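Letters A, B, ... are given to chains in the order of the sequence lines, protein chains preceding strands, and every chain is numbered from 1. Keep in mind the model is a prediction, meaning the values are calculated, not measured.
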4 protein chains.
Amino acid sequence: MCDMSDGRSAERIGRPRSERARVAVLQAVDDMLVEQGYAALTMKGIAERAGVGRQTVYRWWNNKAEILMEASLHDAEDELIAPPRGSSAAELVSFLELVERFLTVSPAGLAYRSLLGEAQNDPEVARLVGERDPLGESAAVVLDRLRDSLPGVPDGRTAAAELVGPVLYRVLVQPGAPATGLIARHVEHLLGIWSGPES
Amino acid sequence: MCDMSDGRSAERIGRPRSERARVAVLQAVDDMLVEQGYAALTMKGIAERAGVGRQTVYRWWNNKAEILMEASLHDAEDELIAPPRGSSAAELVSFLELVERFLTVSPAGLAYRSLLGEAQNDPEVARLVGERDPLGESAAVVLDRLRDSLPGVPDGRTAAAELVGPVLYRVLVQPGAPATGLIARHVEHLLGIWSGPES
Amino acid sequence: MCDMSDGRSAERIGRPRSERARVAVLQAVDDMLVEQGYAALTMKGIAERAGVGRQTVYRWWNNKAEILMEASLHDAEDELIAPPRGSSAAELVSFLELVERFLTVSPAGLAYRSLLGEAQNDPEVARLVGERDPLGESAAVVLDRLRDSLPGVPDGRTAAAELVGPVLYRVLVQPGAPATGLIARHVEHLLGIWSGPES
Amino acid sequence: MCDMSDGRSAERIGRPRSERARVAVLQAVDDMLVEQGYAALTMKGIAERAGVGRQTVYRWWNNKAEILMEASLHDAEDELIAPPRGSSAAELVSFLELVERFLTVSPAGLAYRSLLGEAQNDPEVARLVGERDPLGESAAVVLDRLRDSLPGVPDGRTAAAELVGPVLYRVLVQPGAPATGLIARHVEHLLGIWSGPES
DNA sequence: CTCTAACCGAGACGGTACGTCACGTCTTGAG
DNA sequence: CTCAAGACGTGACGTACCGTCTCGGTTAGAG
């Protein structure tokens, strides 16, 4: 997020940044998200929970949004890997169920939703989300894997939007309602489109 | 939103509430949303812009979210009425283009997005959005109108989610990118599903 | 200190400022000065001790220095009134003993010393102290009263400086050391100067 | 100030401390005091200006006060040596004028005033100032020299307080106002006291 | 035509989070 | 063991916004 970024940068002088502090912050954010929710996520609170100075947090990330993005990105990659199944249908259903679970119970998913929320109000956050969208990226991975057996899957972000859009919409608008029925029917429809000879 | 709601409640004594103040607040919110964005939307700022006391705002609505909801609901009904077209395809495309324009330029749409964002962090707002979702309601209206010519359209919120979900997702994640291509392909797919004998 | 100053100013609109909050702050400052000393005097601490919002403190006074000045000025007038004595010598000795006690034990006096200290670093505070110096003003009052029996007392701030300067210097440099001997000898000297026909 | 103090302690091992760093710090403090004033005197700022590590500063001195004390003490001895004059009066006037100039323009004098200010809030600094007071020591030197021709000069710190107290008071309270008139009259009075047969 | 009650504007109130700054300590690699 | 550099934990700073309260003044229906 912040500068210094990708290791290297040759020899830095002075005391090196504490990786320990960095992961403590990310862990604290994860914990607090599930325990108290985003509304109770204070910079001061994060720092205290992580046993870290406030300034240190600002040294690594410029915004609360950047912390959330990092917390979300890192775990999303792991949590949104759909296990291989026998059929495309089962694989898509599994993935969307992962997505739903991710968005409703996983710290990373809660972070993603808060991030998406903040992006609607803060253009800086919007830019961040626009560039690195863990949900869309995971969907792209799954679709790439299925492209052989589903010749109709379009390229780029369109297919990803068509896949996860309805589930995301349901979770954003009705976080409490289960999306299982929606997922089943939605996958059925998508298969009807993508597997056929058309398009 | 607040009590007193729908006129009624017979005869109240004392000075009646100023309808003038109420619409001034809604107008101020609309203006400030397009001029400065949600981040600069302060209760104090709204009151001052509307030439209204702060307490008066809280008399009509309990939260900033309730104001946004009212500002969004009222205009959304007008702005999301798809004009009748010759074909179902054209009608759906028109509707989704309306949706995209609503979400990106209309004050009511910006309010809706901010509201949806806030709902991810504040359960009270989430309840509000879950009960009255202008986007889903408009989609339901359109789908009802087309149900005769599209026998495959499922009932309830599933179809609405499938219709608007991808477009909303695109706008939420990439507000700047045009969704025209996505809309065209998406409608084409939906028609393939809904018009056929299957499902 | 702050604007609003001298009452009147005709009809103000809005909720009037809470005199209760104002005196609570001044009382809190007095208490904390004797209990913990100036170093522990935090704006946040003052506000909490006074049961008052932080912004309220800033509404009444712009600086910590302005609070101290007000706390000092108000009490200094009362605490530095030398009781009438039979002789000029006794009256001056009484006054200087009051000054010493004021500077070492009274909250107002501790505030004055901290203020004087801050004035050496902050030009804004220096201006404040230069305009309203409770110590000098009290000395001037005493000297005015004695001018009849001491024809040699010069006008203006010179006499006041000559009277209180040595005692203040002693207290500033050696707060712990008693100044009684210094006071006795100093008054004796001053009388030798001021009572004579010279000057 | 810090340990190691007076050279000695025989043979230390490891890299010897850099005297160059020490004087660079003192020079930086002097410069910054006249350029920006005490308020802008930061430990980090001093170190950077001196081209020195922060830890190095703390190795030589424990507090900012100790640096100021050293900066003040060293130069005060030179700057407060009253040149020999024909008369006691002229010598005292010269000395007090030096004092005034010292306190208002000299870096060492500004440091002394800031130190005196800090001493009112911090007992540790108060102890420091109480033990080594450059102003009082210089006054004692002058008075010792004049004791032969002024038989009435009392011993100890009383005379010093009586001599410099009024001038210091004037400078502390009204740094901008010239003290020339005060000095002339004050010396005249002191001579009336000290030269006479009385006391 | 008053009385009364709820409204209106304005703005101060007690809280709390923000991002910055300075402190004094700790941790690098180099000398 | 010291040096320059700079990150570390701590905590105060002044600002902004929240939602409530308290003013004087306004506007209706009830007596």
Side-chain angles (χ1 to χ4, degrees), chain A residues 4 11-22 39-48 50-60 62-64, chain B residues 4 11-18 20-21 40-45 47-48 50-60 62-64, chain C residues 4 11-22 24 39-48 50-60 62-64, chain D residues 12-18 20-21 40-48 50-60 62-64:
Chain A
M4 150 170 226
E11 318 301 312
R12 309 282 268 91
I13 62 177
R15 176 175 176 172
R17 290 199 188 166
S18 155
E19 186 69 15
R20 190 203 132 279
R22 187 179 146 275
L41 213 59
T42 298
M43 291 303 260
K44 182 174 175 241
I46 294 171
E48 287 176 353
V52 146
R54 201 124 52 96
Q55 196 71 56
T56 301
V57 182
Y58 285 107
R59 229 188 306 273
W60 283 89
N62 290 319
N63 309 316
K64 191 151 54 176
Chain B
M4 157 175 214
E11 318 300 314
R12 313 282 264 87
I13 64 177
R15 176 174 177 173
R17 288 198 191 164
S18 157
R20 191 201 132 278
L41 214 58
T42 300
M43 289 303 261
K44 184 176 177 234
E48 286 176 352
V52 147
R54 201 122 50 101
Q55 194 72 52
T56 302
V57 181
Y58 282 104
R59 236 187 301 272
W60 285 92
N62 289 318
N63 309 314
K64 189 153 58 176
Chain C
M4 150 171 228
E11 318 301 313
R12 310 284 268 88
I13 63 180
R15 176 175 175 173
R17 291 200 186 164
S18 157
E19 186 68 15
R20 190 202 132 278
R22 187 179 146 274
L41 212 60
T42 298
M43 290 304 260
K44 183 174 176 242
I46 294 171
E48 287 177 353
V52 147
R54 201 123 55 99
Q55 196 70 58
T56 301
V57 182
Y58 285 106
R59 230 188 305 274
W60 284 90
N62 290 319
N63 309 314
K64 192 151 54 175
Chain D
R12 313 283 263 87
I13 65 175
R15 174 173 176 174
R17 288 198 190 166
S18 154
R20 190 202 131 279
L41 212 62
T42 300
M43 289 304 260
K44 186 176 175 236
I46 293 171
E48 286 176 352
V52 147
R54 202 121 50 98
Q55 194 70 51
T56 301
V57 181
Y58 283 105
R59 236 188 301 273
W60 285 92
N62 289 318
N63 308 315
K64 189 153 56 176

* Taking only residues two or more places apart in sequence or in another chain, which ones pass side-chain contact (heavy atoms from CB on, under 4.5 Å) with A/E48? -> A/K44
* Structure fact -> D/S18 meets the side-chain contact (heavy atoms from CB on, under 4.5 Å) criterion, sequence neighbours left out, with D/R20, D/A21
* B/R20 has an atom CZ; how far is it from atom P of F/dT27, in whole Å? -> 11 Å
* B/S/- contact track for nucleotides 19-26 of chain E, protein heavy atom under 4.0 Å -> BBBSSBBB
* Asked: Can you check whether B/W60 has a side-chain N or O nearer than 4.0 Å to OP1 or OP2 of E/dC7?
  -> no
* **Separation of atom CZ in A/R59 from atom C1' in F/dT10, rounded to whole Å** => 12 Å
* For C/E19 and E/dC13, give me the distance from atom CD to atom P, rounded to whole Å. => 10 Å
* Which sits closer to the 5' end of DNA chain F, A/T56 or C/G14, going by the nucleotide each is nearest to? -> A/T56
* By nearest nucleotide on DNA chain E, pick out whichever of A/P16 and C/A50 is the more 5' one. => C/A50
* Structure fact -> Separation between NZ (B/K64) and OG1 (B/T42), nearest 0.5 Å, reads 6.0 Å
* **Listed partners of A/R22 passing side-chain hydrogen bond (donor to acceptor under 3.5 Å, both in side chains), at least two apart** => A/E19, A/E70
* Considering all heavy atoms of both residues, which atom of A/M43 and which atom of A/V57 are nearest to each other, and what is their separation? -> CE-CG1, 3.9 Å
* Asked: With a 4.5 Å limit on heavy-atom distance, are the side chains of C/T56 and C/R59 in contact?
  -> yes
* Does C/R17 have a side-chain nitrogen or oxygen under 4.0 Å from the phosphate oxygens OP1 or OP2 of F/dC23? -> no
* To do: Using five base pairs at each end, measure the axis-to-axis angle across the helix from E/dC1-F/dG31 to E/dG31-F/dC1 and round it to 10 degrees.
  => 20°
